[in-house]
Protein chains: 2
Amino acid sequence: MKLEESKDKFIQSWGALGSSWGINRTMAQIHALLLISPEALSAEDIMEALQISRGNANMNIRALIDWGLVYKELKAGERREFFVAEKDMWTVVRNIITQRKKKELEPMLKVLEEISNVDDNSPEAEEFVQVIREIKLFSNKANSTLDSLVKSDSNWFVGTFMKMIK
Amino acid sequence: MKLEESKDKFIQSWGALGSSWGINRTMAQIHALLLISPEALSAEDIMEALQISRGNANMNIRALIDWGLVYKELKAGERREFFVAEKDMWTVVRNIITQRKKKELEPMLKVLEEISNVDDNSPEAEEFVQVIREIKLFSNKANSTLDSLVKSDSNWFVGTFMKMIK
DNA sequence: ATGAAGTTTCAAAAATTTTTGAACCAACAA
DNA sequence: TTGTTGGTTCAAAAATTTTTGAAACTTCAT
């Protein structure tokens, strides 16, 4: 397989994967492009390579920086900004977990807390509260497990976890 | 808070959570409705409760059954079908992981395998292959970790994992 | 100041995903 | 066989998400 073809295939697949992971297609494609880019790229380079508009490029680059998946790199004597990808996959996954936990899991926990205050003592209400209680228990566990996961380091993940788990 | 209001809030939030988890809003809402439903519901009941069309209800119920998140329940002497939710959260998460692993992670692994066959020995190609190799290593690890996770049981998750992890 | 190079914003347009509803199919009772 | 109830399908419509591109803004050099 030819290099250009390979690179392109990687960018497309990474885009598809990302879009089912809460990262939109273009955002993931930019990340992919930067991952396999030997040097930092400018916004212009990215627009060119992916054939996207300036606005789109700008917004998605900002989002990637927000998520900690891309860094700004300033070159001496250059006015424009260059960008590089976070290349450590463990950090990439960790940052995504952190963002999504905050945006999705935590609001759910808040809601579960709220709705367990049902001021009604019918058997039906009892049953409802019981179901919610179990979901809450599970979610809290998941939440703190993810916290630990995020705090642990790459080395731990690739090394110990696999053995521990079986 | 009133019971009906609580239930409704739960359905809405579960729908929102689901839609950022590869399960569409309605699909997650149906699951939520069934989770907090004391008895099995018919398609008609679900359409009524969520104010959705017959086609929508049918398709999403089928998808939920496919994912192993909802079961069909046949009542003696009743021609129509009733549905109940899988209520064990660990099983729910496990089934979602299984589905998404198959639909998203595994195709990516295949692509990574393919594209590491670059028949080019320029330094640039070398570098590219190296980056892909690292991603592949990580993805394979993630894949088998998820496999173990899926095989392990609920009890293990809620009990041991937390202590192990720190 | 003025202009050039680069960045940001955001309303409108395009693309994508989800939902609808009517036609069709299947099982059964009369 | 026909009518009724319930399930399935899918093209078209609606809703949602993403992208565009032009205007506004910023920074810096002259």
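In this entry the distance linking CD of Q29(B) with C1' of dA15(D) reads 14 Å, nearest Å. Look at CE on M27(B): it is 15 Å from C1' on dT19(C), rounded to the nearest Å. One interatomic measurement links the two molecules: CD1 of I46(A) to P of dT8(C), which rounds to 12 Å at whole-angstrom precision. The CG atom of N60(A) sits 6 Å away from the P atom of dT19(D) (whole-angstrom rounding). For the pair L64(A) CG and dT8(C) P, the interatomic distance rounds to 13 Å; values are reported in whole Å. The CG-C1' distance, from L74(A) to dT26(D), rounds to 15 Å in whole Å. Summarising the geometry, the separation between NZ on K72(A) and P on dT7(C) is reported as 9 Å, rounded to the nearest angstrom. Taking atom CD of residue E73(B) and atom C1' of nucleotide dG6(D), one finds them 18 Å apart after rounding to whole Å.
Side chain of R80(A), nearest nucleotide from dT8(C), dG7(D), dT7(C): dT7(C). If you check dT19(D), dG7(D), dT8(C) against the side chain of N58(A), the one that comes closest is dT8(C). Checking dT18(C), dT19(D), dT8(D) against every side-chain atom of N56(A), the shortest atom distance belongs to dT19(D). The side chain of S53(A) sits closest to dG21(D) out of dT19(C), dG21(D), dT18(D).
The phosphate of dT16(D) has neither OP1 nor OP2 within less than 4.0 Å of any side-chain N or O from N24(B). OP1 or OP2 of dT8(D) sits under 4.0 Å from a side-chain N or O of R62(B). The side chain of T26(B) contributes no N or O atom lying less than 4.0 Å from OP1 or OP2 of dT18(C).
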Checklist entry - Given L112(B) and M108(B), is the side chain to side chain contact (heavy atoms under 4.5 Å, CB included) satisfied, shown in steps? => result CA-CA 6 Å; L112(B) 288 172; M108(B) 185 74 220; 3.8 Å; yes
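Heavy atoms of R79(B) sit under 4.0 angstrom from at least one base atom. E81(B) comes within 4.0 angstrom of the backbone, heavy atoms only, and of no base. Within the nucleic acid shown, R54(A) comes within 4.0 Å of at least one base atom, counting heavy atoms only. The residue S42(B) sits apart from the nucleic acid: no heavy atom pair falls under 4.0 Å.
Salt-bridge formation is detected for the pair E81(B)/R62(B): a Lys NZ or Arg NE/NH1/NH2 atom is positioned less than 4.0 Å from an Asp or Glu carboxylate oxygen. Taking a cutoff of 4.0 Å between a charged side-chain nitrogen and a carboxylate oxygen, R80(B) and E44(B) do not qualify as a salt bridge. Taking a cutoff of 4.0 Å between a charged side-chain nitrogen and a carboxylate oxygen, E86(A) and R94(A) do not qualify as a salt bridge.
When each of I30(B), I36(B), L35(B) is paired with I11(B), the side-chain contact (heavy atoms from CB on, under 4.5 Å) condition holds for I36(B) and for no other.
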